[in-house]
Amino acid sequence: MPPLPRSFYDRDTIVVARELLGKHLVHVTPTGARRGRIVEVEAYLGPHDLAAHSSKGLTDRTRIMFEPPGYAYVYLIYGMHHCMNVVTEPAGCGAAVLLRALEPLPPLAARTNGPGLLCSAMGIDRRLNGHDLLSPDFFIIDPGMEEKFKIVRRPRIGVAYAKHWAKRLLRFYIKDNPHVSQP
DNA sequence: AGGATGATATCC
DNA sequence: GATATCATCCTC
């Protein structure tokens, strides 16, 4: 099963966010491959989106968001947790999708119902910032046959500082999935 | 409700 | 160089 092609990520961020639901994130580590089914995401639309890190402009931290799509943007938050995003849309757009929750796939059993928890469980940290998701050790696949699911839209979590952008319905999750962070 | 804990942006 | 803030999680 090949990784999703770069053209998958090179599209409207909301479309990519919704279509990432149900896909499988794979990280090959020294202890084996860890896999999780993506069940919750948030879209960050670009520099005009006051909740997006790219609204700070092009800095060392946000540089990866302005690079071509299909790369990982991983950062440390609150001094102890990591968050993982996938860069979307053409280079220069500064858009990305935050992965907020996974459904752990065997043999992975750790909790993955939150952006920090999923990074911990999957062995994702800052060393993977800028990593190409079209690579053999860290990628996302379409698992093929999936039961259909409904998508719930909600405001994003933890972005109250973003004025009217905090109200936008840019968080998406699989309805009734028990691994969502905040149903 | 509050604390852990460090990188980052934004001031002086 | 100092400080306020943070796309979180856990315990109380």
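We use all heavy atoms of the structure for the numbers below, so side chains are in, but hydrogens, waters and symmetry mates are not. Predicted model, so just to flag it, every value in this text is computed and none were measured.
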Report yes or no: does [X] contribute a side-chain atom to a donor-acceptor pair with the main-chain N or O of [Y] at less than 3.5 Å?
X: A/Arg156; Y: A/Glu42; result: no
X: A/Thr62; Y: A/Gly57; result: yes
X: A/Asn113; Y: A/His179; result: no
X: A/Asp12; Y: A/Val15; result: yes

Problem - Rounded interatomic separation in angstrom, taking NE2 from A/His53 and P from C/dT5 - result: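 Atom NE2 in A/His53 sits about 15 Å away from atom P in C/dT5.
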
Handout entry: Separation of atom CD in A/Gln182 from atom P in C/dA7, rounded to whole Å
Key =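 About 14 Å, once rounded to whole Å.
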
Problem - Closest contact, heavy atoms only, A/Met84 versus A/Leu98 - result: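 Nearest pair, atom of A/Met84 first, then A/Leu98: O-CD1, 3.4 Å.
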
Practice task
Just call it for A/Arg61: base, sugar-phosphate, or nothing, with non-hydrogen atoms closer than 4.0 Å on any strand.
Solution key: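 A/Arg61: backbone/sugar contact only, no base atoms under 4.0 Å.
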
Practice task
Write out all pairs satisfying side-chain hydrogen bond (donor to acceptor under 3.5 Å, both in side chains) with one or both partners inside residues 67-85 of chain A, taking only residues at least two apart or from two chains.
Solution key: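 Checked against side-chain hydrogen bond (donor to acceptor under 3.5 Å, both in side chains) - neighbours excluded - the pairs reaching residues 67-85 of chain A are A/His53-A/Tyr73, A/Arg63-A/Glu67.
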
Exercise for the section: Give every residue pair that meets the side-chain hydrogen bond (donor to acceptor under 3.5 Å, both in side chains) criterion with at least one member in residues 162-172 of chain A, sequence neighbours excluded. Expected result: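 For residues 162-172 of chain A: A/Glu40-A/Arg171.
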
Practice task
Using a cut-off of strictly less than 4.0 Å between a heavy atom of the residue and any atom of DNA chain C, enumerate the qualifying residues of residues 74-86 of chain A by number.
Solution key: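 Those residues are A/Tyr75, A/Ile77, A/Tyr78, A/His81, A/Cys83, A/Asn85.
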
Practice task
Scan residues 109-129 of chain A against DNA chain C and write down, sorted by residue number, each residue with any heavy atom closer than 4.0 Å; if none is found, say none.
Solution key: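 Listed by number, they are A/Arg111, A/Gly114, A/Pro115, A/Gly116, A/Leu117.
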
Exercise for the section: State yes or no: do A/Phe66 and A/Tyr9 share one hydrophobic cluster built from I, L, V, M, F, W and Y residues joined by side-chain heavy-atom distances below 4.5 Å, directly or via other members? Expected result: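 Cluster IDs for A/Phe66 and A/Tyr9 differ.
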
With [X], which residues qualify under side chain to side chain contact (heavy atoms under 4.5 Å, CB included), at least two apart?
X: A/Ile174; answer: A/Leu21, A/Arg37, A/Val39, A/Phe149, A/Asn177
X: A/Pro90; answer: A/Asp10, A/Cys93
X: A/Ala17; answer: A/Val41, A/Ala43, A/Val97, A/Phe172
X: A/Pro136; answer: none

Practice task
Please round to the nearest 0.5 Å and tell me the distance separating atom CD1 of A/Ile124 and atom CG of A/Leu118.
Solution key: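 With rounding to 0.5 Å, CD1 (A/Ile124) is 6.0 Å from CG (A/Leu118).
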
Handout entry: Distance in Å, A/Leu102 CG paired with A/Leu117 CG, rounded so as to fall on 0.5 Å steps
Key =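 Spacing of CG (A/Leu102) from CG (A/Leu117) equals 10.0 Å.
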
Handout entry: Stretch residues 158-181 of chain A: residues that reach within less than 4.0 Å of DNA chain B through a heavy atom
Key =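 Contacting residues: none.
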
Handout entry: Summary of salt bridge (charged side-chain N to carboxylate O under 4.0 Å, His left out) pairs that have at least one residue in residues 22-34 of chain A, sequence neighbours excluded
Key =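 Checked against salt bridge (charged side-chain N to carboxylate O under 4.0 Å, His left out) - neighbours excluded - no pair reaches residues 22-34 of chain A.
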
Problem - Strand DNA chain C as a dot-bracket string - pairs counted if Watson-Crick or G-U with both distances under 3.5 Å, | where the partner lies in another strand - result: ||||||.||||.

Handout entry: Positional range of nucleotides in DNA chain B within the contact set of chain A, heavy-atom, under 4.0 Å
Key =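 So the outermost contacting nucleotides come out as B/dA4 to B/dT10.
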
